[in-house]
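Below: the structure, in structure tokens.
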Number of protein chains: 2
Amino acid sequence: MTIRELAKKLNLSITTVSRALDGYSDVAEETRRRVIEAAQEMGYEPSFAARQLRRKRTDTLGYILPTSSPRFSDPFYTTFLTGLCDEAASQNMDLLVTSSPPESEEEKEQYRRMVQSHRVDGIILNRTRINDWRVEFLTEHKFPFVALGKGKTEAAFPYIDVADEALFEELVAHLSNRGHQRIGFIGTTPSLVIQQDRFAGYLRGLERAGLEFDPALVRQVRLTENDGYLAARELLALPEPPTAILGINDLTALGAVRAAKEQGIYIGTELAIAGYDGIKETEYTVPPLTTVLQPTYEIARTLARMLVELIDGQIPPDTVVPVQPTLVIRASTG
Amino acid sequence: MTIRELAKKLNLSITTVSRALDGYSDVAEETRRRVIEAAQEMGYEPSFAARQLRRKRTDTLGYILPTSSPRFSDPFYTTFLTGLCDEAASQNMDLLVTSSPPESEEEKEQYRRMVQSHRVDGIILNRTRINDWRVEFLTEHKFPFVALGKGKTEAAFPYIDVADEALFEELVAHLSNRGHQRIGFIGTTPSLVIQQDRFAGYLRGLERAGLEFDPALVRQVRLTENDGYLAARELLALPEPPTAILGINDLTALGAVRAAKEQGIYIGTELAIAGYDGIKETEYTVPPLTTVLQPTYEIARTLARMLVELIDGQIPPDTVVPVQPTLVIRASTG
DNA sequence: GATTCGCACCAAAACGTTTTGGAGTTATCC
DNA sequence: GGATAACTCCAAAACGTTTTGGTGCGAATC
């Protein structure tokens, strides 16, 4: 079912058929009606490849899922992906998804392909790194992209700025108000922007509370439940263990919960634990976990919308959208 | 950066360049080396649109996420999606993802577009319906697809058959062994294959245990945590409430957990609760939830692989892959 | 010395659209 | 009544590949 066959059946030129369907004004209403009707009836749909080739637009957004472990499953990403999907759909765009481990050769290859073969019109980045080669690569190729968080770069691109630092400061203040003096921090590799921001917030929180920073209370691990578990075990095995543990995200905090339970430590009374993201799991632990609720779904939608607007040249590349998450205090911090 | 420019720079015809890169044997090794080197250096990558148009292949798999609520987030799907992504990647394919509410106009439109505009080479279906118009539509258009579960249809297509019925039977047996006589079932709309199978397993389980089926103990809701919560509240408010509740999936079972907690009912002793899927959350509840562990990640990978093989004509359309999940008994059922 | 063969390359067609730059017809204006 | 405008429609080019059906040339074969 090509436009040619449709045109033949209607005794029209393919030009007219194309323009009728695209809503141009230089085709008679009566003709348009006939064309649309026939198209519907014969189930005609323009070939995407052909249209893409000619228009030089793909109407597709790209997203590369950073999969730490092969069987990874951070619920944060279901929500994030759904947000991207929904917004893309409502903008008449599709979403092309790939997955690869961060900083792998595979990842590089995938970005290269997406960009250089014009697979997509723009790319959504998250888990931005401090010195992110993706940012360099994409700006160098003048390829439209938006990101969740900005690293250390001269490049200008639209991004969402979550007030991570402020919220971590607040978390520490909250714990210190509850009398905690030794507050542990399960962080991740310093190459990630979230580590930079959240750790900075942690430090500022300590300072403001007049607490001394003890490097022994800090761990840097991958962003998985299991790594959180292992890190927490280490912290709890210290000669002077912390009385509170902050996870850089909910997943690591949940790992800490598991470690504490395993050792029969009462969470909330003997040990305070808090996370960050606001994933559903934090409601089910006993006691429920204090966390910072990010509007993940809205963030994703906003990112997708920003990307579309960037592609259409409707927003400047230096657009910044601030997001203020909210502290959700639950029983895990007493 | 087109093949033409590359050819010009190399003083070769575009034919030779194309064939050199595609590994044809009718190009001298020395020439191929030069071509590959130049391509790498100049960052040439074939235009996807052009290639697609000519080859009549997209090297893309399609998947439409069934989003019940706009902000939905069933962790089952992160795992499922990651599986699809990973397998697609390892087959040199990409994954095109869209989302829409089941049985909506939007959904129809999306399937129609994907198929008729040759957006993808094949489609992965899950949450198969008993009389699934998608199955009819896709077979009618001779469009390659695979599914998780098969409905009531004459059509032949590769699918994965999870032994849902047997496992639900086992679940009921397990509960009846623990002395439960009134076992509730939070199911979903009978139009879904999983409802059909799992409910059948529930019934057979009752029968085998010599228990009478009481329709009052059955609810049909959407597959969300909140609907599970509401259904459980209803069940617990009955004059003769059940002593055990089976959720058709973990999400609804988690809703039941919430309802029980809210009413101060001790789970595991006063009320048994079990789910199905094996999502991570079930480990965090107190007590941890009895569930049926499906190898979701592997199922997704297998589906993707089957689809690629179907497209390549390497497997017949009537391939069936059976999957045997495992019962995971935890404290929530005593 | 003519024929055949294998090797390395290539021109041109095809894929199915959108867009450009008109062309033909009828209505409108002075 | 001739020029202008408005309205419909269209032929052909272009998008960047892959594929088809070659060509030219030197070596091997008879």
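Lettering follows sequence order; numbering is per chain, from 1. Only this structure's heavy atoms are used, side chains among them; waters, hydrogens and symmetry mates stay out.
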With distance as the sole test, does [X] use its side chain to make a donor-acceptor pair with the main-chain N or O of [Y] at under 3.5 Å?
X       : Y       : value
D22(A)  : Y24(A)  : no
T139(B) : K142(B) : no
T302(A) : E298(A) : yes

Of K108(A), R129(A), R134(A), which meets side chain to side chain donor-acceptor pair (under 3.5 Å) against E103(A)?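 Exactly one candidate clears the test, R129(A).
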Using the side chain to side chain donor-acceptor pair (under 3.5 Å) definition, which of the options Q110(A), E107(A), E106(A) pairs with S100(A)?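 Per the side chain to side chain donor-acceptor pair (under 3.5 Å) rule, the option paired with S100(A) is Q110(A), out of Q110(A), E107(A), E106(A).
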Any residue of residues 42-55 of chain A with a heavy atom less than 4.0 Å from an atom of DNA chain D: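 Within this stretch, L53(A), R54(A) sit under 4.0 Å of the strand.
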Going by number, which of residues 29-39 of chain A have a non-hydrogen atom under 4.0 Å from DNA chain D? T31(A)
How about L21(A) and I36(A): do any of their side-chain heavy atoms sit closer than 4.5 Å? yes
Electrostatic pair D312(B)-R57(B), nearest N-O below 4.0 angstrom: yes
Distance in Å, [X] [atom1] paired with [Y] [atom2], rounded so as to fall on 0.5 Å steps:
X       : Y       : atom1 : atom2 : value
R301(A) : T82(A)  : CZ    : OG1   : 10.5 Å
I64(B)  : R127(B) : CD1   : CZ    : 14.5 Å
L307(B) : E87(B)  : CG    : CD    : 10.5 Å
L81(B)  : F76(B)  : CG    : CZ    : 10.0 Å
R51(A)  : I3(A)   : CZ    : CD1   : 9.0 Å

Atom CZ of residue position R222(B) - does it have more than 12 heavy atoms of other residues, nucleotides or ligands inside 6.0 Å? no
Looking only at side-chain N and O atoms, does S13(B) offer a donor or acceptor that is under 3.5 Å from a partner on T16(B)? yes
Which of residues 5-25 of chain A have a heavy atom under 4.0 Å from DNA chain C?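 Close to the strand are I14(A), T15(A), S18(A), R19(A), Y24(A).
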Near DNA chain C, which residues from residues 109-120 of chain B have a heavy atom under 4.0 Å away?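 Nucleic-acid contacts, sorted: none.
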Taking distance alone, no hydrogens or angles, what donor-acceptor pairs closer than 3.5 Å link side-chain atoms of residues 116-125 of chain B to residues at least two apart or in another chain?
unit_1: Q116(B); atom_1: OE1; unit_2: R112(B); atom_2: NH1; d: 2.8
unit_1: Q116(B); atom_1: NE2; unit_2: H141(B); atom_2: NE2; d: 3.3
unit_1: S117(B); atom_1: OG; unit_2: R113(B); atom_2: O; d: 2.6
unit_1: R119(B); atom_1: NH1; unit_2: D94(A); atom_2: OD2; d: 2.4
unit_1: R119(B); atom_1: NH2; unit_2: T60(A); atom_2: OG1; d: 2.7
unit_1: D121(B); atom_1: OD1; unit_2: T58(B); atom_2: N; d: 2.9
unit_1: D121(B); atom_1: OD1; unit_2: T58(B); atom_2: OG1; d: 2.9
unit_1: D121(B); atom_1: OD2; unit_2: T58(B); atom_2: N; d: 3.2
unit_1: D121(B); atom_1: OD2; unit_2: T58(B); atom_2: OG1; d: 3.4
unit_1: D121(B); atom_1: OD2; unit_2: D59(B); atom_2: N; d: 2.8

Has the side chain of D26(A) got a donor or acceptor atom sitting under 3.5 Å from an opposite partner on the base of dC9(D)? yes
Polar pairs (N or O, both sides) under 3.5 Å between protein and nucleotides 23-28 of chain D?
none

Segment of DNA chain C, first to last nucleotide, that comes within the 4.0 Å heavy-atom reach of chain A: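 For DNA chain C, the relevant span reads dG16(C) to dT20(C).
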Would you tabulate the side-chain donor-acceptor contacts of residues 149-160 of chain B under 3.5 Å, counting partners in other chains and residues two or more places apart, or write 'none'?
unit_1: K150(B); atom_1: NZ; unit_2: A155(B); atom_2: O; d: 3.0
unit_1: T153(B); atom_1: OG1; unit_2: E136(B); atom_2: OE2; d: 3.4
unit_1: T153(B); atom_1: OG1; unit_2: A155(B); atom_2: N; d: 3.0

Each base of DNA chain D marked ( ) or [ ] if paired in-strand (Watson-Crick or G-U under 3.5 Å), | if paired to another strand and . if unpaired gives ||||||||||||||||||||||||||||||
By the salt bridge (charged side-chain N to carboxylate O under 4.0 Å, His left out) test, which pairs, at least two apart or in different chains, include something from residues 1-16 of chain B?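 Not a single pair qualifies under salt bridge (charged side-chain N to carboxylate O under 4.0 Å, His left out).
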Does the salt bridge (Lys or Arg N to Asp or Glu O under 4.0 Å) test come out yes or no for E37(A) and R34(A), once each step is laid out? CA-CA 5 Å; E37(A) 197 169 299; R34(A) 273 177 57 217; over 6 Å; no
Name all residues meeting the side chain to side chain contact (heavy atoms under 4.5 Å, CB included) criterion together with E309(A); count only those two or more places apart in sequence or in a different chain, and write none if there are none. R305(A), Q314(A), I315(A)
Can you list every ring pair (Phe, Tyr, Trp, His ring centres under 6.0 Å) pair that touches residues 37-63 of chain A, not counting sequence neighbours?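 Found Y63(A)-F80(A).
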